[in-house]
Amino acid sequence: MADRITLEDLRPAEGATKSSKRVGRGRASGHGKTSCRGHNGEGQRSGNSQKRGFEGGQMPSYRQMPKLKGFTNFNAIKYAQINVKDLERLEMDSVDLDSLIAAGKAHPSSEGLRVLGNGEITKAVVVKANYFTPSAKEKLEKAGGKAELV
């Protein structure tokens with residue numbers, strides 16, 4: 001029964017506790033004379049308490065930083081956009097996001113494709129995209145191509 005631990009035996013872990021700083025108890029303590037407050041000045045006087053973030057009169061870092069404006073939606077889908085006039089210049093019969101990324105016309109991080117109606121098209125092209133503007137769809141079908149929603 002001698003191995004039993006009682007409340008008297010409990011001690012904090014080694015190094016877990018420190019003795020408090022006893023200021024103003026003589027020079028030998030290392031915290032005597034000015035009691036770790038320095039000579040004169042605002043912080044030396046009694047009753048002084050500085051605000052959080054106070055940097056001695058220097059412009060505080062939280063005021064130096066620019067204000068954040070707006071909001072970034074991290075769930076937003078990143079679309080690659082292409083105009084009808086650019087489809088005319090591509091030498092492809094069928095266009096989709098993967099073929100545009102392979103051709104270097106869309107960023108590899110793009111998750112979808114949007115076709116916009118700027119410009120004209122004369123050749124028939126099959127386009128697979130997530131979105132077509134009404135004018136783009138009309139121009140593609142007028143040229144004999146197809147606009148397929150993915």
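Source: prediction; values computed, not measured. The figures that follow rest on heavy atoms only: side chains count, while hydrogens, waters and symmetry mates do not.
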Main chain of [Y], side chain of [X]: is a donor-acceptor contact present, judged purely on distance under 3.5 Å?
X	Y	result
Arg25	Val23	yes
Lys33	Gly26	no
Glu55	Ser61	yes
Ser110	His107	yes

Hey, does [Y] have a side-chain heavy atom less than 4.5 Å from the side chain of [X]?
X	Y	value
Arg114	Asn130	no
Val150	Leu97	no
Arg45	Asn40	yes
Val127	Asp96	no

Could you state the interatomic distance from [atom1] ([X]) to [atom2] ([Y]), rounded to the nearest 0.5 Å?
X	Y	atom1	atom2	answer
Arg89	Lys123	CZ	NZ	11.0 Å
Glu138	Phe132	CD	CZ	14.0 Å
Tyr62	Arg52	OH	CZ	9.0 Å
Leu116	Lys139	CG	NZ	10.5 Å
Lys128	Lys146	NZ	NZ	9.0 Å
Arg22	Ser35	CZ	OG	11.5 Å

What are the two closest heavy atoms between [X] and [Y], and how far apart are they?
X	Y	result
Leu140	Val125	CD2-O, 4.3 Å
Tyr131	Pro134	OH-CD, 4.4 Å
Arg37	Gly43	NH1-O, 3.3 Å
Pro60	Gly53	CB-O, 3.6 Å
Glu148	Val126	OE2-CG1, 3.7 Å
Gly117	Ser135	CA-OG, 3.5 Å

Anything under 3.5 Å between a donor and an acceptor, one on a side chain of residues 63-85, the other on a protein residue two or more places apart or in another chain? List them.
from  : atom 1 : to     : atom 2 : distance (Å)
Gln64 : NE2    : Met59  : O      : 2.7
Asn73 : OD1    : Asn75  : N      : 3.0
Asn83 : OD1    : Asn118 : N      : 3.4

All side-chain hydrogen bond (donor to acceptor under 3.5 Å, both in side chains) counterparts of Glu88, not counting sequence neighbours:
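So Glu88 forms a side-chain hydrogen bond (donor to acceptor under 3.5 Å, both in side chains) with Thr122.
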
What do the steps show when you test Ser29 against His31 for side chain to side chain donor-acceptor pair (under 3.5 Å), and what is the final call?
CA-CA 5 Å; Ser29 69; His31 306 302; 5.8 Å; no

N/O donor to acceptor pairs below 3.5 angstrom from side-chain atoms of residues 5-19, sequence neighbours left out:
from  : atom 1 : to   : atom 2 : distance (Å)
Thr6  : OG1    : Glu8 : OE1    : 3.3
Thr6  : OG1    : Asp9 : OD2    : 3.1
Asp9  : OD2    : Thr6 : N      : 3.2
Arg11 : NH1    : Glu8 : O      : 3.0

[atom1]/[X]: more than 12 non-hydrogen atoms of other groups inside 6.0 Å:
X	atom1	value
Asn48	CG	yes
Glu91	CD	no
Gln44	CD	yes

Evaluate Asp86 against Lys105 for side-chain contact (heavy atoms from CB on, under 4.5 Å), listing each step before the verdict.
CA-CA 10 Å; Asp86 299 324; Lys105 300 294 181 186; over 6 Å; no

